[in-house]
Asker: 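Below you'll find the structure I mean.
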Amino acid sequence: MKIVKNQSAKEISASRHDKQRAGKIRLADFIHENSEQIISEWAAFARTLTPAANDMTPLALRNHIHELLTFIFRDINTPETSSEQIQKSQGKKEKEATPSAAETHAALRLAGGFNIDQMVSEYRALRASVVKLWSMANTQINGTDIIDLTRFNESIDQALAESVSHYSHKVSYSKDLVMGILSHDLRSPLNVITMSAQLMVNMGKINQRHALDERQTMLITQISESTSRITGIVNDLLDVTRARFGSGLPILRTLMDMGFVCTQLVDEMRAANPERTILLEASGDLKGEWDKARIGQMLSNLIGNAVQYSFKDSSITVTVRGGSEEVMLSVHNLGVPIPPDKFATLFSPLTRASVDEGEHPIEVNLGLGLYITEEIVVSHGGTINVSSSEEAGTIFTVRFPRSV
Amino acid sequence: MGITQPAILPEEALAVEASPSYRILVVDDNKDCAKVLMWTLELLGHTAQVAYNGQSAIALAKSFHPDVVFLDIGLPGMNGYEVCKAMRNEPILQNTFFVAQTGWGQNEHRERSKEAGFDHHLVKPIDIEVLKNILLVLDKKEAGIGL
């Protein structure tokens, strides 16, 4: 791109466009010829974005703005069909290279400590500055200018959309990465606490001289229980991270009996919630190839959920039925129905239905359970559905195909 | 196999009646993990030593001559599988029993442990009852009862 330095926009347009009437310049040409001045104005604005811009060199601030301008210049200079224009005005146009100038810009801004608002304001500044400089040079406005301006705005919007999308993607990736590393590193010390607590209990059993008194036993039991709760959450976080990194949850299929796993889990949940009635109805052929540990985890989440969100005096019913094509498993409870506005995000991580504090003073854990449950089902090629109403209660239904 | 006095908590050792005392090497780069497992083993009446990486574990194994080695898989440098293979090649360790310990219980890890020559695969945190059982199994194996 040819860069003309140290000339005002008016001088440039006058010198380069002798053939045109004075005061007439198309927007694309204007951007092309005045990129240096546009970049300077933009850089001056970016420097005002504190504190992120404090430690940025002028060169870093100018990085990729040049490429962005080239993209915009090429974009508005390319003939466009009317269907393309409609698509782009609706934000549907495919982006060109990977990564595009706008994406690179977003990555650099993120790395430079700019927040997303600051990045967006940069685009606003660019738009305003180009239009201002151009309108100074282009004093005679006609119909083509409106078209040029529209296409310029669409170009900026496309670059902005790409930058924002790339920025958010990068942020969510780093969040997942941090979560993964954190939970991975948390496991080791948790294991040490678990083993130490166990060791302390056993010291007393092995030698009377080290027997713990009642209060000490209570305390060490509490340490064990709380640690086991944290371990569960950390394991869930790790699962979420693994599921979100694209590869999905690892599933290892072995021949197993769904009925047996259901019996096991229902027994476990009965033991953990002795005041509750949990019924199990199993029928049909329940043998198949699934990941036993994951199926157990799924059941534990679904039954745990039912216990948490149901009326205390109501019973919970687990039904598992083997058909020729699929095995169907459902968990039913009576309780306050899931609010309609919660349905859409029910299986998203970190959401959970609100719990009536008076009715259910129990602690509720992070809303990772249903997300992991859905991931487990999907990884098995199955489906999960939920229906909820005041009269019928809430029922989660999972279907596993016999062959995938 | 001779009865050896544990380094710490000697009085507890006496309390573990009739169970044989083994020489056990614990290898884990997480020092806290290694220490707690060593204390647990000592409490159960065994003599335990620790190493924090593969190289020093192999060197220590040659002089310590362990009956059992608890090997962490995720060691820096030489990983647990490699350390196990190397130890398996030592003539002095021909009768040693190898137990893998990992934070992960997936079956592929178990398969790899078996291939590397491990006799057992444990998932952390190691339950003290499971630990007792494994040492009991080893006891039967030595008595010729079989696994």
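Here is how names work: the chains are called A, B, and so on, in the same order as the sequence lines, proteins then strands, and each is numbered from 1. Values below: all heavy atoms of this structure, side chains included; hydrogens, waters and symmetry mates excluded. On a predicted model such as this, the values are computed, not experimentally measured, just so you know.
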Asker: Considering residues, nucleotides and ligands other than A:E214, do more than 12 of their heavy atoms fall under 6.0 Å from its CD?
Answerer: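 Atom CD in A:E214 is not packed in, count stays at 12 or less.
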
Asker: Side chain, backbone, both or neither: which part of B:D28 has an atom under 4.5 Å from a heavy atom of chain A?
Answerer: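 Answer is neither: B:D28 stays 4.5 Å or more from chain A.
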
Asker: Count the heavy atoms belonging to other residues, nucleotides or ligands that lie under 6.0 Å from CD of A:E275, then report whether that count exceeds 12.
Answerer: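 Atom CD in A:E275 is packed in, count exceeds 12.
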
Asker: Mark yes when over 12 heavy atoms from residues, nucleotides or ligands other than A:R321 sit less than 6.0 Å from its CZ; otherwise mark no.
Answerer: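 Atom CZ in A:R321 is not packed in, count stays at 12 or less.
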
Asker: Should B:K132 and A:N202 count as side-chain neighbours, where that means a heavy-atom distance under 4.5 Å?
Answerer: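 Touching, per the 4.5 Å side-chain cut-off.
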
Asker: Calculate, to the nearest 0.5 Å, the distance between atoms CG and CG belonging to B:L37 and A:N191 respectively.
Answerer: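 It is 11.5 Å, given to the nearest 0.5 Å.
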
Asker: Between atom CE of A:M200 and atom CG of B:L43, what is the distance when rounded to the nearest 0.5 Å?
Answerer: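 Output value for this atom pair is 11.5 Å.
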
Asker: How long is the straight-line distance from NZ of B:K124 back to OG1 of A:T231, given to the nearest 0.5 Å?
Answerer: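 Taking OG1 in A:T231 and NZ in B:K124, the distance rounds to 13.5 Å.
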
Asker: So which part of A:S188 gets closer than 4.5 Å to some heavy atom of chain B, the side chain, the backbone, both or neither?
Answerer: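 Both backbone and side chain of A:S188 come within 4.5 Å of chain B.
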
Asker: Could you report the tightest heavy-atom contact between B:V36 and A:L199, atom names first, then the distance?
Answerer: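 So the two residues come closest at O-CD2, 4.2 Å.
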
Asker: Rounded at 0.5 Å granularity, tell me how far CD1 in B:I126 sits from CE in A:M195.
Answerer: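 So the gap between those two atoms works out to 5.0 Å.
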
Asker: Go through the atoms of B:N30 and report whether side chain, backbone, both or neither lie under 4.5 Å from a heavy atom of chain A.
Answerer: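 Interface part for B:N30: side chain.
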
